[in-house]
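Structure record follows, encoded as structure tokens.
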Amino acid sequence: MSDFDPGRRRFLGHLGLAGLGALGASSFLSACASSASGPTTSNGSGAVTIQSNLSSPQAKEAMEKLIANFNAQGKGTASLNTIASETFRTQLPTYLTSANPPDLYTWYAGSVANDYASKNLLLDVSDVWKSMGDYPQSLRTLSTEASGKQIFMPMNNYWWGFFYRKSNFAKWGVQEPKTWTEFLALCETLKSKGVPPIGIGLGDTPWVASAWFDYLNIRINGAPFHRELLAGKQRFDDPKVKAVFTRWREALPYFDPKGKAYPFQEATTALLAGKTGMFLIGTFFADAAPKDALGDLDFFRFPIIDPEVPLAEEAPTDGFFASAKTANPTGTKALLTYLSGVEAQEAYVKASSGIVLPANPKAKASDSPLVVKGKAMLDEAKELTQFFNRDSSDALQPTADTALTKFLDKPDQIDAILREWQAGAEKVFKG
Amino acid sequence: MTATVSTTSVTPTRRRRRSARLSPLLVAFVLVPFAVESVWVFWPALQGFWFSLTRWDGMSPPTFVGTDNYVELAGDATFRGALLNTVIWLVLFGGLSVLGGFGMALVLQKERRGVGFYRAALFTPVVFSLVVTALVWRVFYQPDGIADTLLRAVGLEQLIRPWLADPQTALYAVILPALWRQIGYVMVLFLAGLKAIDPALHEAARMDGANAWQRLRHVTIPQLKGVNAVVLSVIVIDSLRSFDIVWSLTKGGPYHSSELLSTYMYSTAFQSLRLGYASAIAVVIFVLALAVILGYLVRAFREEA
């Protein structure tokens with residue numbers, strides 16, 4: 001059992017056990033450790049183990065199908081190990097630093113992957129990329145670390161937008177807004193009809209608020225500034241950042257007041273039930289939507305605020321990376337090659353309910369009008385961003401959660417909030 | 001003669017040897033748990049002290065920074081908030097569960113018809129894991145949930161608020177389910193204590209004309225001294241290690257308003273990946289717990305002497 005490997009024990013043990021553990025309260029930590037345990041042993045010729053955080057029923061089934069297909073091909077064997085995503089996220093550093101790590105992991109492209117790569121924890125998968133010549137340059141860049149080798153294999157991406165029900169917009173007699181002014185006017189109309197215009201779900205999922213910050217920032221200050229800010233090269237108490245909140249404040253009266261008490265899944269339910277007008281969210285929210293509602297869903301892009309700023313959209317990319325310490329690099333790369341292929345990506349898209357775009361440009365996305373529209377929006381964008389935590393780090397995300405939920409509650413204190421945010425971010429960057 | 005001498009000289013040595021040699025089973029019972037504890041408790045605890053003097057992200061090797069983490073703790077507003085909340089938690093959760101548990105035990109100590117049912121009912125929450133408890137209470141607190149419906153039914157709808165998302169109420173909204181659970185547990189401890197009191201003492205007090213309050217004040221409470229020590233330690237330890245209910249209901253939010261030392265330690269370690277700093281928080285929790293418990297033990301021993 002991996003519970004006994006020294007890496008994990010060191011990581012989990014010293015902390016909780018020093019304080020709480022000495023009081024016999026380590027049960028939650030040991031619970032983490034045991035729930036994360038899995039078949040992590042592998043030898044040169046054995047099965048490639050995949051640690052997957054795709055735990056929603058459809059995604060899990062889709063992954064199982066892919067692995068079964070791969071095993072049937074006879075080019076190697078693989079075994080899937082699905083783990084709840086929160087556990088997966090907190091355990092990932094432990095997996096990667098352990099002496100005998102799982103081989104392959106589902107993860108996100110962006111700074112978190114690059115961070116691991118800079119610590120030499122990720123397998124160089126440049127070989128795999130040689131067979132991926134038709135992938136767009138943007139995805140190749142996203143998968144390449146500082147020294148120029150590829151460490152990531154993208155599987156699919158999705159987009160964020162304002163989702164709404166077509167039937168409700170028709171009933172209320174409103175149209176998709178293009179600009180910020182039109183957007184605020186739309187909000188006013190919906191409010192006058194007694195509908196909270198903007199749904200949000202921050203109860204258990206305060207990170208959803210980061211989408212608002214990301215979008216306002218890339219619409220007002222542009223994607224390059226946004227990336228620099230998230231990389232610690234700009235300050236959160238900069239007047240440019242304050243300008244983001246000045247705009248945001250204009251929309252504050254239109255937020256669903258109940259949104260701060262429930263998670264995004266319930267905000268989804270509220271949207272589908274017509275209790276809110278629209279909802280800025282990623283396409284993954286549709287996992288929780290009943291099938292019959294999917295046909296009625298539509299979305300519009302985050303309204304343009306400054307037409308001078310080059311158009312950027314959030315398009316988080318999901319995929320795989322492998323451990324540098326894998327005992328079976330050949331098998332791992334064979335599996336990655338399979339996963340990057342048209343057949344695997346189409347099979348995944350088909351089996352998963354989510355509205356996702358396959359990373360392989362030859363693989364067909366589902367041809368629903370929603371997906372066609374989403375793909376067109378991303379194709380039109382000059383720049384793609386990932387998401388707050390993917391463009392910065394998981395460690396920075398809690399500082400954003402604190403700052404943004406506080407702003408939504410106490411917009412008057414924005415100067416103090418931004419100062420605190422900057423102080424918190426400096427601590428994270430310092431380590 | 002020689003034979004006798006040899007036997008007499010041998011017997012004491014054999015006897016001595018027998019008394020010196022412990023049963024291997026007994027040795028194993030001491031040494032095996034000790035070895036396990038050393039690896040899983042003592043060593044990590046010592047390491048925790050060491051890590052609290054370092055900066056560490058959990059992956060790269062830790063770098064020694066001396067007392068930097070403690071200096072930072074001293075000026076950390078979130079830490080101060082968490083410390084204050086932990087004290088509030090200790091007083092409210094601890095105090096109310098002792099009062100509630102003792103009250104319940106007094107009410108339910110007499111054998112009457114159906115009393116077993118009430119005892120069992122009050123103890124039931126202890127059976128559920130706190131995470132399950134949290135799920136149930138979340139439904140209770142959710143917008144338009146049971147709490148809001150109840151308030152509306154009695155005409156207090158102006159009080160309705162997002163209970164877990166309002167920084168004014170989040171901490172108290174989290175204490176309630178923790179109390180709901182703890183009271184049953186404390187009640188059982190006190191019931192056991194009450195059962196152990198010799199009924200003759202009450203009888204004698206009654207003969208002397210003591211009323212119910214005087215009997216409680218001068219007979220019951222002093223007789224419960226032994227139980228009090230257990231209850232107090234349980235309460236202090238449970239308060240300082242309270243984590244699961246807070247984490248599953250609010251994760252310390254909104255914006256740290258229901259943060260306890262334990263949740264702050266966890267989020268610093270596993271979300272912000274600042275393991276050195278989190279170790280410093282863990283050391284503070286450890287010292288606090290030690291101070292409270294040692295303080296109590298010293299007092300208890302002094303009273304005994």
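Excluded from the calculations below are hydrogen atoms, water molecules and symmetry mates; all remaining heavy atoms, backbone and side chain alike, are included.
A/D409 and B/A165 make their closest contact through OD2-O, 4.4 Å (heavy atoms, listed as atom of the first residue, atom of the second, distance). The nearest pair of heavy atoms linking A/A395 to B/S272 is CB-O, 3.3 Å.
Taking CD of B/Q142 as the reference point, atom NZ of A/K258 lies at 10.5 Å (rounded to 0.5 Å). Taken to the nearest 0.5 Å, the CG atom of A/L396 stands 11.5 Å off from the CG atom of B/L273.
Looking at B/D144, only its side chain comes within 4.5 Å of chain A, counting heavy atoms on both sides. Contacts of B/Q271 with chain A are made by both backbone and side-chain atoms, with heavy-atom separations under 4.5 Å. Neither the backbone nor the side chain of A/L96 comes within less than 4.5 Å of any heavy atom of chain B.
Heavy atoms of other residues, nucleotides or ligands lying less than 6.0 angstrom from CZ of B/F34 number 12 at most. Shown here is B/F42, whose CZ atom has more than 12 heavy atoms of other residues, nucleotides or ligands within 6.0 Å. Annotation for B/F140: atom CZ counts as buried by contact number, over 12 foreign heavy atoms lying within 6.0 Å.
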Checklist entry - Stepwise, does the side chain to side chain contact (heavy atoms under 4.5 Å, CB included) test hold for A/K410 with B/Y255? => result CA-CA 11 Å; A/K410 300 173 177 171; B/Y255 40 95; 3.7 Å; yes
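The list of salt bridge (Lys or Arg N to Asp or Glu O under 4.0 Å) pairs with a residue in residues 158-170 of chain B, not counting sequence neighbours, reads B/R161-B/D166.
Between chain B and the options A/E420, A/K119, A/K260, the largest number of non-hydrogen pairs under 4.5 Å is found for A/K119.
Annotation: residues 397-407 of chain A contacts chain B through A/P398, A/T402, A/T405, A/K406 [non-hydrogen atoms, separation under 4.5 Å].
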